[in-house]
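Count residues from 1 along the sequence. Ligands are counted one by one from 1 in listed order, and the atoms in each one are counted from 1 as well. Basis for what follows: all heavy atoms, side chains included, without hydrogens, waters or symmetry-related copies.
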Amino acid sequence: MKWILLPSLLLVAAYPSGGRPQHERMPNQPAPSGTSTPFFVRLSPGLKAVPPGGSVWLNCSHSCPLPVRSSLHTQLRQGNTLRGSGWVSYQLLDVRAWESKVRCVVTCAGETREAIARITAYKRPRNVILEPPVLVGHKYTLRCYVTHVFPVGFLVVSLRRGGQVVHFESLERFTGLDLANVTLTHVMRAGPNDLWQPLTCHARLSLDGLVVRSSSAPVMLKVLALSPASKALASASIAALVGILLAVGAVCVRRYLAVQTPL
Ligand SMILES: *[C@@H]1O[C@H](CO)[C@@H](O)[C@H](O)[C@H]1NC(C)=O
Ligand SMILES: *[C@@H]1O[C@H](CO)[C@@H](O)[C@H](O)[C@H]1NC(C)=O
């Protein structure tokens, strides 16, 4: 009976008839005509993405013709509930974990079945902006801003020149639960062949089963004449900023939610 514990049930989890969880008591009210009642349990949607801190409704329905015991198992905070014949709709509040599993368990004529749904909290970057490259000596400094993104630990930011990746950074070491602004800075040596090639910056959020991509408008690499003063300034800021810079703010989440999810 190992199929009972498969964690990968995403949409409809109806156990084959005859399957029973081991903890089940023998029914003291026998099913009609002595056989187990075939029924399904469905939890929909099976996969739902919400903004961090948002809420979601999940509908647990079943085909049991008899009165049932039905319950929702989740670590998320529950809000309102709506009921109809053969279904219960549950509101879940303040989704912050990037992934939460929710189980609906229904017992029909002594037999227990369940369905599983996954809720993902993510926020597509509000902006991906690549600044015009700054030329210092024979090197260009590229700076890309990715703003208001979540969860930052699943983010990869890459720079492409003429479609080819020239640099990328994965932010998996950052595990914060807030919206973040990310600045990627990269210094690149450019030869004559690189001129007039479009440069773009790409942000990719790879969530389990869900990939969210955003990219910047292209900018062109061209020869810029800099005054000595601005050269000095630019090299100072390169020294300070090569790499990834992360700004995280809870304030910003609250502001975002106030705008996005008025209740
Ligand atoms: C829940 O699902 C059932 C069965 O699909 C449907 O009849 C019912 O209208 C749904 N309820 C809500 C609130 O969506
Ligand atoms: C992120 O950037 C936006 C502007 O794009 C700014 O309003 C916000 O305060 C920044 N948040 C943090 C945490 O730095």
Side-chain angles (χ1 to χ4, degrees), residues 9-14 38-48 50-72 74 78-93 96 102-106 108 113-117 119 121-132 143-155 157 169 171 173-185 201 203 205 214-217 237 240-241 243-260 263:
L9 300 171
L10 297 187
L11 293 168
V12 179
F39 74 105
F40 66 76
V41 179
R42 207 173 272 151
L43 189 55
S44 76
L47 174 62
K48 176 75 181 171
V50 299
S55 63
V56 63
W57 282 89
L58 289 183
N59 186 341
C60 182
S61 56
H62 61 80
S63 65
C64 177
L66 307 168
V68 298
R69 219 177 50 231
S70 141
S71 55
L72 200 73
T74 176
Q78 297 194 26
N80 294 323
T81 306
L82 289 174
R83 285 169 199 279
S85 159
W87 58 269
V88 186
S89 209
Y90 300 92
Q91 186 187 32
L92 300 173
L93 305 170
R96 283 180 190 278
V102 181
R103 291 188 306 132
C104 180
V105 180
V106 172
C108 175
R113 294 181 186 180
E114 65 174 41
I116 295 176
I119 302 174
Y122 84 92
K123 167 74 182 55
R124 173 187 288 280
R126 177 185 289 172
N127 290 119
V128 180
I129 299 166
L130 182 60
E131 281 195 337
R143 194 162 291 142
C144 174
Y145 301 98
V146 180
T147 65
H148 281 216
V149 62
F150 178 86
V152 74
F154 294 78
L155 182 71
V157 185
E169 295 266 358
L171 287 97
R173 60 194 182 276
F174 298 103
T175 55
L177 286 182
D178 294 312
L179 289 181
N181 289 343
V182 175
T183 306
L184 172 69
T185 306
C201 178
L205 271 178
S214 313
S215 47
S216 70
S237 71
L241 283 177
I244 272 272
L245 211 75
L246 185 69
V248 176
V251 175
C252 187
V253 174
R254 282 198 287 277
R255 205 179 300 139
Y256 170 77
L257 289 171
V259 173
Q260 297 291 318
L263 286 175

J.: N/O to N/O below 3.5 Å, does that happen between Asn181 and ligand 2?
T.: yes

J.: Which protein non-hydrogen atom lies closest to atom 11 (N) of ligand 1, naming both residue and atom, and how far is it?
T.: Asn59 ND2, 2.9 Å

J.: Nearest 0.5 Å, please: how far is CZ in Phe154 from CG in Leu205?
T.: 9.5 Å

J.: Kindly indicate whether a cation-pi arrangement holds for Arg113 with Phe39, taking the cut-offs as under 6.0 Å to the six-membered ring centre and within 45° of the axis.
T.: yes

J.: To which protein heavy atom is atom 5 (O) of ligand 1 closest, and what is the distance rounded to 0.1 Å?
T.: Ser61 OG, 4.4 Å

J.: Quick one: does any side-chain atom of Ser216 pair with a main-chain N or O of Cys201 as donor and acceptor, under 3.5 Å?
T.: yes

J.: Ring of Tyr122, cation from Arg124 - is the NZ or CZ under 6.0 Å from the centre and inside 45° of the axis?
T.: no

J.: Please list, in number order, the atoms of ligand 2 under 4.0 Å from a heavy atom of Thr147.
T.: 5 (O)

